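The structure appears right after this line, and notes come after that.
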Amino acid sequence: MERTPIPVLTVQTAPYEDQRPTGGGGLRRPTALFESQRNYLPNFVQSLLSSVDLRDRQGCTMVVGSDGRYFSKTAIEIVVQMAAANGIGRLVIGQNGILSTPAVSCIIRKIKAAGGIILTASHSPGGPGGEFGVKFEVANGGPAPDMVAEKIYQISKTLEEYAICPDLRVDLSRLGRQEFDLENKFKPFRVEIVDSVEIYLNLLRTIFDFNAIRNLLTGPNQIKIRIDAMNGVMGPYVRRILCDELGAPANSAINCIPLEDFGGQPPDPNLTYATALLEAMKGGEYGFGAAFDADGDRYMILGQNGFFVNASDSLAIIAANLSCIPYFCQMGVRGFGRSMPTSTALDKVAKVMKVPVYETPAGWRYFSNLMDSGRCSLCGEESFGTGSDHLREKDGLWAVLVWLSILAARKQSVEEIVRDHWAKFGRHYYCRFDYEALEPRTAYFIMRDLEALITDKSFSHQQFAVGNNIYSVERTDSFEYVDPVDGTVTKRQGLRIIFSDASRLIFRMSASSHVRATLRIYAESYEKDPSQHNKEPQAVLSPLIAIALKISQIHERTGRKGPTVIT
């Protein structure tokens, strides 16, 4: 019996002015906006698909996944229906719509897909009152570069119609191929539902010594671990890889069922929100702890008794111990990358290893270009994102497996490894203050006035006395990045004050905010003397923070008494 072809419809719509993608070609907004505004999601999906040239789009393969948050299943259905109507030949989708961001990158690269669509708002809250997002990955498996994001935005501003197959229905729970005949299409549209973990797991097997990690977790000198998936996408990955494959007890993994609201907590792996993990680690029973964000690209490391490893230190320690990873022994190390706000701890390691460091704006898309050109092997950001050239995305579980590999090779605790690193390279005291949900105009004028202040000649070589500390300004700038691969210039990426003792203050507007603005202040101070490595970061950095608050007047101008989050 012949199947009736599914109709392809053209639906009239009106453009939205607020669909400019933020870093990496992603749109993140309150979920209620996607649900209440007519055609809000179809408009953006059409703009995204239309950004791919028609000849490249016809018959191509794309990958689709989500972090499982509220509205994901509805959105996946719309994405599938619109992909079919726009000439995409095949979609590869994770079972039940679940795919971590690293897994999407992995699959794109493995099957040479034209790109991918990830439905995630990263570490932002889920549920009806939370946030939703759509992120575009390009053919290298990395975030869309700025010129693609700009193309999407320009299309969105003049969009008058979109194409969709509203009668097309896919069973996301059934593994295997599903085919659909469409009106006026010569070839059937195919959807392949794949195991969410398998392809990514196979890649990890080629990178790590799984036997060494398995022995760490199950051998005579095994350590107990505690892994918190924070009810995001990583639950199936943690259970399959760390428990089933590497032998960690099933009760090592907590919050492993993906929930639409992430259990009512922001899926953000830091000391503010991963409190259940922190309390468990403080008890001393576990030797290693980790947490992941909603889509699995960010992570946090804790040692026994709740010993916290900040993301910048984690990146530097991974760099100093790459010889513990078979992948790097085989491939070598060509260079390192870090975002400008990330501490300069990585630079100290690079100097000893005699490899270059590339300082980029915040945003993983800048690392992708460096890795594609063979310049960069390892990169990371202070926002708990680390990865290597095995993918073109930051990869939380990869970072955790690196740490377990280091523990297995060095036979030391997390704290011992960190303190040994500080003793050799010095300690970079570091913190970030986030002022969230600011009125955008207020935040803009604070940054405008601050830039005028610090770039004025009179500010150069100015001294600040705070208590017994005197800080002399060595140089200031508005950070500008020239891509060494293609010469692209990216301006106004944060304000920097660098003092004569190498301390730094950085002010930056976050690109991931939506209606409200987030202003971030970063403080860094370097200490070589091991006898001074046991201080609390807040105590060491308080004079720098006092300078930052004084020159920015952020409390006076916002009415705030302090930051929303301290990292």
Side-chain angles (χ1 to χ4, degrees), residues 1-16 19 21 25 27 34-35 37-66 71-94 97 99 104 108 111 113-119 132 134-139 144 148 151-174 176-194:
M1 180 177 167
E2 281 194 20
R3 294 179 295 188
T4 303
I6 297 171
V8 179
L9 303 184
T10 299
V11 179
Q12 300 303 306
T13 190
Y16 286 96
Q19 293 196 335
L27 182 73
F34 283 96
E35 290 194 290
Q37 296 292 318
R38 184 172 180 268
N39 296 335
Y40 197 81
L41 177 63
N43 271 30
F44 186 72
V45 173
Q46 184 63 61
S47 302
L48 187 158
L49 293 171
S50 296
S51 74
V52 181
D53 290 342
L54 185 61
R55 63 183 179 182
D56 296 327
R57 191 166 77 228
Q58 294 300 316
C60 77
T61 296
M62 296 188 78
V63 182
V64 177
S66 81
F71 194 62
S72 290
K73 289 183 179 178
T74 300
I76 289 174
E77 186 171 82
I78 292 171
V79 168
V80 171
Q81 293 169 346
M82 294 186 65
N86 278 274
I88 306 297
R90 176 174 69 141
L91 289 183
V92 176
I93 308 176
L99 275 179
V104 171
I108 290 172
I111 67 174
I117 296 174
I118 309 174
L119 304 171
F132 190 78
V134 185
K135 181 179 174 184
F136 185 35
E137 302 279 271
V138 291
V148 174
K151 187 176 181 181
I152 293 171
Y153 178 53
Q154 293 303 325
I155 293 170
S156 77
K157 291 196 299 181
T158 58
L159 193 73
E160 295 180 348
E161 61 186 31
Y162 64 85
I164 191 167
C165 299
D167 296 336
L168 195 157
R169 296 287 185 272
V170 172
D171 183 354
L172 295 175
S173 67
R174 178 164 59 89
R177 179 184 297 182
Q178 301 169 46
E179 291 194 347
F180 305 88
D181 293 323
L182 309 180
E183 280 184 354
N184 304 320
K185 303 287 183 181
F186 295 111
K187 292 184 179 179
F189 172 66
R190 291 189 311 180
V191 174
E192 292 180 26
I193 307 299
V194 299

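All values reported here derive from a predicted model rather than from experimental measurement.
- Distance OG/Ser156 to CZ/Phe44: 7.5 Å, rounded to 0.5 Å.
- Annotation: side-chain hydrogen bond (donor to acceptor under 3.5 Å, both in side chains) contacts of Gln81 (sequence neighbours excluded): none.
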Please test Ile193 against Asp171 for side chain to side chain contact (heavy atoms under 4.5 Å, CB included), starting from the C-alpha separation and ending with a verdict.
CA-CA 8 Å; Ile193 307 299; Asp171 183 354; over 6 Å; no
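- Here CE of Met82 is found 13.0 Å from CG of Leu168. Values are rounded to the nearest 0.5 Å.
- The OG atom of Ser51 lies 12.5 Å from the CD atom of Gln154; values are rounded to the nearest 0.5 Å.
- The list of salt bridge (Lys or Arg N to Asp or Glu O under 4.0 Å) pairs with a residue in residues 71-93, not counting sequence neighbours, reads Glu77-Arg169, Arg90-Glu192.
- Heavy-atom minimum distance, Ile108 versus Gly116: CD1-N, 3.6 Å.
- Side chains of Ile117 and Val134 form a contact here, defined as non-hydrogen atoms less than 4.5 Å apart.
- In this structure the side chain of Tyr153 never reaches within 4.5 angstrom of the side chain of Ser47, judged on heavy atoms.
- For the salt bridge (Lys or Arg N to Asp or Glu O under 4.0 Å) condition, no pair includes a residue of residues 154-168, sequence neighbours left out.
- Under the side-chain hydrogen bond (donor to acceptor under 3.5 Å, both in side chains) criterion, Asp181 pairs with Arg3, sequence neighbours left out.
- Counting only heavy atoms from C-beta outward, the side chains of Ser66 and Ile76 approach each other to under 4.5 Å.
- Under the 3.5 Å distance criterion, the side-chain polar atoms of Arg57 are matched with a main-chain donor or acceptor of Asn86.
- In this structure, Ile155 CD1 and Leu48 CG are separated by 9.0 Å, a value rounded to the nearest 0.5 Å.
- Ring geometry for Phe180 versus Phe189: interplanar angle of 30 to 60°, hence tilted.
- Partners of Thr158 according to the side-chain hydrogen bond (donor to acceptor under 3.5 Å, both in side chains) rule, which considers only residues two or more places apart in sequence or in another chain, do not exist here.
- Looking at every heavy atom in both residues, Glu183 comes nearest to Pro5 through N-CB, 3.8 Å.
- Note that CG of Leu49 and SG of Cys60 are 8.5 Å apart. Values are rounded to the nearest 0.5 Å.
- In plain terms, the two heavy atoms of Leu91 and Ala83 that are nearest each other are CD1-CB, 3.9 Å.
- A heavy-atom distance below 4.5 Å is not found between the side chains of Val80 and Val64.
- Using the six-membered ring where Trp is involved, Phe71 and Phe34 have ring planes that are tilted, between 30° and 60° apart.
- Within the 4.5 Å cutoff, the side chain of Leu159 has heavy atoms near those of the Gln46 side chain.
- Of the inter-residue distances, the one linking Tyr162 atom OH with Leu9 atom CG reads 9.0 Å to the nearest 0.5 angstrom.
- Judged as a side-chain hydrogen bond (donor to acceptor under 3.5 Å, both in side chains), and not counting sequence neighbours, the contacts of Asn43 are Thr13.
- Of all the heavy atoms in Leu182 and Ala84, the pair that sits closest is CD1-O, 3.6 Å.
- Across every non-hydrogen atom of Ala113 and Val63, the tightest pair is CB-CG2, 4.1 Å.
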